[in-house]
Colleague: 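Quick one: structure below, then a few questions.
All values reported here derive from a predicted model rather than from experimental measurement. Each residue takes its place number in the sequence, starting with 1.
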Amino acid sequence: MFVAPGTYSGGIRTTASGQPGARIAYVSTERWGARIVPPERSASKAAWDNRGDYVDIVGFDVDGSEHRGGTRWSSGIYNGGSHDIIRSNHVHHIAQHVACTSNGGAAIGVDGYYRGVQAQVLANLVHDIGPAGCRFVQGIYVSTTGSVKNNVVYRVAEAGIHLWHDARNVVVSNNTVTGSNTGIVVGGGDFYHTSGPNDHTAVYNNIVYDNRMGISEQGRTGRNNSYRNNLVYKNSGYDWRLKNGLAHSGTVSSAPLFVGDIKVALPNFSLSASSPAIGRATPMHAAPTDFNGRPRNVFSGFDIGAYQH
């Protein structure tokens, strides 16, 4: 299904499932051209609630900034299906004026409560999520298996990327996370259908910069998680907090030297020519293209973060 540029009322619910060789795709014909906004009288907590399997949601602008009545959105894109792809969306100003309760919320939620598995969250722009100081609202939230790659996440009340509940075997790579309470949380607890722990999760090639806390393991985590070739720097509370005697390797501990000023409304997080992130990533688990779809060139080296220089 192709969606033309325009403004559309949210509270969307999709339940149809595709097949491995015949996926269902909802695609904005222009990147961020199809804008989803709160309706006049919102009846849903989510801008888009997908329960179908083998579904792609691609290229939408999910904008929760103009609440007009009814239920406030605590979720941008909520995904409860299996083998789904949430790609190249702009999800912003979600859950900013909701009550801070343990019900939580997220810009993009990949949930295993309905037994969904193996979802991919790829190259989305996520920012201005949650009320300030609320520890229950996340940027990208994963509670099952899957991958989170090439996303740009900033100004989130709690974690830019948060793994919890039944999360395990998740690949978190080539993301840029800044300006949030915590950069990346790898955790497990309050289990739905497993007894945990979060194990065999790989956190590679991410920039985690200028948050209050950097990369943190919480709850029940295993001994087979791995942390390689991340740039982790200037997180005021701590940069790293791992468990089970785990250590990180290949870490770059210096400023990423982005092209633009990160304090403006829509920062430019691409890498300047002098960035220490250039050529410092490992090809293992790296996305083949970057946030903008540019190839990551193995001949010139892979770069850390969402952008290839």
Colleague: Side chains of His165 and Tyr192: do they bring a donor and an acceptor to under 3.5 Å?
Modeller: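 Yes, because at least one side-chain N or O of His165 sits under 3.5 Å from a partner of the opposite role on Tyr192.
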Colleague: How long is the straight-line distance from CZ of Phe136 back to SG of Cys100, given to the nearest 0.5 Å?
Modeller: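 Here the rounded value is 5.5 Å.
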Colleague: Assess Arg228 against Phe302: is NZ or CZ under 6.0 Å from the centre of the six-membered ring, and within 45 degrees of the ring's axis?
Modeller: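 Arg228 over Phe302 ring: no.
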Colleague: Examine distances only and state if a side-chain atom of Thr176 and a backbone atom of Val152 form a donor-acceptor pair shorter than 3.5 Å.
Modeller: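 Here the side-chain-to-backbone pair does not exist.
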Colleague: Run the side-chain hydrogen bond (donor to acceptor under 3.5 Å, both in side chains) test against Thr14 and tell me which residues pass, sequence neighbours left out.
Modeller: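 Here the qualifying residues are Trp48, Asn50.
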Colleague: Have Thr194 and Asp166 got a donor and an acceptor in their side chains that come within less than 3.5 Å?
Modeller: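 Indeed, the side chains of Thr194 and Asp166 share at least one donor-acceptor pair under 3.5 Å.
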Colleague: Compare every heavy atom of Pro276 with every heavy atom of Pro256, then report the nearest pair and how far apart it is.
Modeller: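 So the two residues come closest at O-CD, 3.8 Å.
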Colleague: I need the full list of salt bridge (Lys or Arg N to Asp or Glu O under 4.0 Å) pairs touching residues 115-143, with sequence neighbours left out, sorted by first then second residue.
Modeller: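 Counting only pairs at least two positions apart or across chains, the salt bridge (Lys or Arg N to Asp or Glu O under 4.0 Å) contacts touching residues 115-143 are Asp128-Arg155, Arg135-Glu158.
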Colleague: If you link I, L, V, M, F, W and Y whenever their side-chain heavy atoms are under 4.5 Å apart, who else ends up in the same group as Ile85?
Modeller: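 Noted: Ile85 shares its cluster with Leu122.
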Colleague: Working note: His285 + Asn174, criterion side chain to side chain donor-acceptor pair (under 3.5 Å); need CA distance, chi angles, decisive distance, verdict.
Modeller: CA-CA 9 Å; His285 294 306; Asn174 287 105; over 6 Å; no
Colleague: Which atoms form the tightest heavy-atom contact between His93 and Ile129, and what is the distance?
Modeller: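 Looks like N-CD1, 4.0 Å.
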Colleague: How long is the straight-line distance from OG of Ser226 back to CG of Leu242, given to the nearest 0.5 Å?
Modeller: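 The OG atom of Ser226 is 10.5 Å from CG of Leu242, to the nearest 0.5 Å.
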Colleague: Would you indicate whether Arg223, at its atom CZ, is surrounded by more than 12 heavy atoms from other residues, nucleotides or ligands within a distance under 6.0 Å?
Modeller: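 No, the 6.0 Å shell around CZ holds no more than 12 heavy atoms from other groups.
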Colleague: What residues form a side-chain contact (heavy atoms from CB on, under 4.5 Å) with Thr7, not counting sequence neighbours?
Modeller: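 Testing Thr7 for side-chain contact (heavy atoms from CB on, under 4.5 Å), a comparison that skips the adjacent residues, returns Arg35, Val37.
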Colleague: If you take all heavy atoms of Val156 and Val137, which pair is closest and at what distance?
Modeller: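 Closest approach of Val156 to Val137, heavy atoms only: CG1-O, 3.9 Å.
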Colleague: Donor-acceptor pair, Asn198 side chain versus Arg220 backbone, under 3.5 Å?
Modeller: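 Judged by distance alone, no pair lies under 3.5 Å.
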Colleague: Any pair with a residue in residues 265-275 that passes salt bridge (Lys or Arg N to Asp or Glu O under 4.0 Å), sequence neighbours left out, goes on the list, sorted by first then second residue, please.
Modeller: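 Non-adjacent pairs meeting salt bridge (Lys or Arg N to Asp or Glu O under 4.0 Å): zero.
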Colleague: With no hydrogens and no angle check, do the side chains of Asp84 and Gln120 hold a donor and an acceptor under 3.5 Å apart?
Modeller: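 Absent: no donor and acceptor within the cut-off.
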Colleague: If you round to the nearest 0.5 Å, how far is NE2 of His83 from CD of Gln118?
Modeller: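 Gln118 CD to His83 NE2: 6.5 Å, rounded to 0.5 Å.
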Colleague: If you look only at pairs with a residue in residues 253-265, which of them pass as a side chain to side chain donor-acceptor pair (under 3.5 Å), with sequence neighbours excluded?
Modeller: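 Matches after skipping sequence neighbours: Asp210-Lys263.
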Colleague: Would you find a donor on one side and an acceptor on the other, under 3.5 Å apart, between the side chain of Asn181 and the backbone of Ala157?
Modeller: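 No, Asn181 side chain to Ala157 backbone: no donor-acceptor pair under 3.5 Å.
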Colleague: Given ring-ring contact (aromatic ring centres under 6.0 Å, His included), test Trp240 with His248 step by step and report yes or no.
Modeller: CA-CA 9 Å; Trp240 292 93; His248 51 91; 3.9 Å; yes
Colleague: Under a 4.5 Å cut-off applied to non-hydrogen side-chain atoms, are Val98 and Pro131 in contact?
Modeller: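 Counting from C-beta outward, Val98 and Pro131 do come under 4.5 Å.
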Colleague: What verdict does the side-chain contact (heavy atoms from CB on, under 4.5 Å) test give for Phe291 and Phe269, after you've listed the backbone C-alpha separation in whole Å, the side-chain angles of each residue and the deciding distance to 0.1 Å?
Modeller: CA-CA 10 Å; Phe291 176 81; Phe269 292 107; over 6 Å; no
Colleague: Might you point out which heavy atoms bring Tyr114 and Tyr78 nearest each other, and give the distance in Å?
Modeller: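 Shortest heavy-atom contact: CE1-OH, 3.3 Å.
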Colleague: Kindly give the cluster partners of Trp164, where membership spreads through any ILVMFWY side chain lying under 4.5 Å from a current member.
Modeller: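 Grouped by the 4.5 Å side-chain rule, Tyr141 form the rest of the cluster around Trp164.
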Colleague: Just by distance, no angles: are the side chains of Gln308 and Arg294 close enough, under 3.5 Å, to form a donor-acceptor pair?
Modeller: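 No - no donor-acceptor pair under 3.5 Å links their side chains.
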Colleague: What's the verdict on salt bridge (charged side-chain N to carboxylate O under 4.0 Å, His left out) for Arg51 and Asp49, showing C-alpha distance, side-chain angles and the deciding distance?
Modeller: CA-CA 7 Å; Arg51 305 292 175 88; Asp49 183 330; 2.7 Å; yes
Colleague: Looking only at heavy atoms, which two atoms of Asn89 and Trp32 are closest? And how far apart?
Modeller: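 Heavy atoms of Asn89 and Trp32 come nearest at C-NE1, 3.5 Å.
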Colleague: How would you list, by chain and number, every residue that makes a salt bridge (charged side-chain N to carboxylate O under 4.0 Å, His left out) with Arg72, sequence neighbours excluded?
Modeller: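 Residues passing salt bridge (charged side-chain N to carboxylate O under 4.0 Å, His left out) with Arg72: none at all.
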Colleague: Step by step, would you call Asn150 with Arg296 a side-chain contact (heavy atoms from CB on, under 4.5 Å)?
Modeller: CA-CA 11 Å; Asn150 278 346; Arg296 293 188 183 272; 2.8 Å; yes
Colleague: Taking only residues two or more places apart in sequence or in another chain, which ones pass side-chain hydrogen bond (donor to acceptor under 3.5 Å, both in side chains) with Asn230?
Modeller: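 In terms of side-chain hydrogen bond (donor to acceptor under 3.5 Å, both in side chains), with neighbours along the sequence ignored, Asn230 is linked to Asn206.
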Colleague: Taking the side chain from Asn151 and the backbone from Val153, do they hold a donor-acceptor pair closer than 3.5 Å?
Modeller: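 No.
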Colleague: Is the backbone N or O of Ala159 less than 3.5 Å from a side-chain atom of Thr182, with the two atoms forming a donor-acceptor pair by type?
Modeller: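 A pair under 3.5 Å: no.
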Colleague: Not counting sequence neighbours, which residues clear side-chain hydrogen bond (donor to acceptor under 3.5 Å, both in side chains) with Tyr154? List them please.
Modeller: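 Tyr154 satisfies side-chain hydrogen bond (donor to acceptor under 3.5 Å, both in side chains) with no other residue.
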Colleague: Quick one: does Ser82's side chain have a donor or acceptor within less than 3.5 Å of a partner on Val117's backbone?
Modeller: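 Confirmed, Ser82 side chain pairs with Val117 backbone.
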Colleague: To the nearest 0.5 Å, how far apart are OG1 in Thr144 and CG in Asn169?
Modeller: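 Reported value, rounded in 0.5 Å steps: 9.5 Å.
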Colleague: Do side-chain atoms of Ser28 reach the backbone of Phe60 as a donor and acceptor pair under 3.5 angstrom?
Modeller: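 Answer holds: no.
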Colleague: Identify the two heavy atoms, one from Leu271 and one from His309, that lie closest to each other, and give their separation to 0.1 Å.
Modeller: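 Residues Leu271 and His309, closest heavy atoms: O-ND1, 2.9 Å.
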Colleague: Any donor-acceptor pair under 3.5 Å linking the side chain of Asp56 with the backbone of Val58?
Modeller: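 It does not hold such a pair.
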Colleague: List the residues meeting salt bridge (charged side-chain N to carboxylate O under 4.0 Å, His left out) with Asp111, not counting sequence neighbours, and say none if there are none.
Modeller: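 Applying salt bridge (charged side-chain N to carboxylate O under 4.0 Å, His left out) to Asp111 gives none.
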Colleague: Taking OH in Tyr113 as the centre, count heavy atoms belonging to other residues, nucleotides or ligands within less than 6.0 Å. Is the count above 12?
Modeller: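 Open.
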Colleague: Is the backbone N or O of Val259 less than 3.5 Å from a side-chain atom of Ser272, with the two atoms forming a donor-acceptor pair by type?
Modeller: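 No, Ser272 side chain to Val259 backbone: no donor-acceptor pair under 3.5 Å.
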Colleague: Checking Val208 against Tyr233 for the side-chain contact (heavy atoms from CB on, under 4.5 Å) test, could you report, in this order, the C-alpha distance in whole Å, the side-chain angles of both residues, the deciding distance, and whether it holds?
Modeller: CA-CA 7 Å; Val208 179; Tyr233 185 69; over 6 Å; no
Colleague: Within a reach of under 6.0 Å around NZ of Lys45, are more than 12 heavy atoms found that belong to other residues, nucleotides or ligands?
Modeller: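 For Lys45, atom NZ is not crowded (no more than 12 foreign heavy atoms under 6.0 Å).
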Colleague: Begin with the C-alpha distance, continue with both residues' side-chain angles, and end with the deciding distance and a verdict on ring-ring contact (aromatic ring centres under 6.0 Å, His included) for His90 and His127.
Modeller: CA-CA 8 Å; His90 182 193; His127 62 91; 4.9 Å; yes
Colleague: Could you tell me whether the side chain of Ser270 and the main chain of Asn268 form a donor-acceptor pair under 3.5 Å?
Modeller: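 No, because the side chain of Ser270 does not come within donor-acceptor range (under 3.5 Å) of the backbone of Asn268.
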Colleague: What's the spacing between Ser88 OG and Ile57 CD1 if we round to 0.5 Å?
Modeller: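 So the OG of Ser88 and the CD1 of Ile57 are separated by 12.5 Å.
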Colleague: Give every donor-acceptor pair under 3.5 Å between a side-chain atom in residues 101-110 and any protein atom, sequence neighbours left out.
Modeller:
from, atom 1, to, atom 2, distance (Å)
Thr101, OG1, Asn103, N, 3.3

Colleague: Within the supplied structure, the quantity of interest is the number of heavy atoms (other residues, nucleotides, ligands) at a distance under 6.0 Å from Phe2 CZ; does it exceed 12?
Modeller: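 No.
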Colleague: First locate atom CH2 of Trp73, then atom OG of Ser65, and finally report the distance between them rounded to the nearest 0.5 Å.
Modeller: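 Reported value, rounded in 0.5 Å steps: 9.5 Å.
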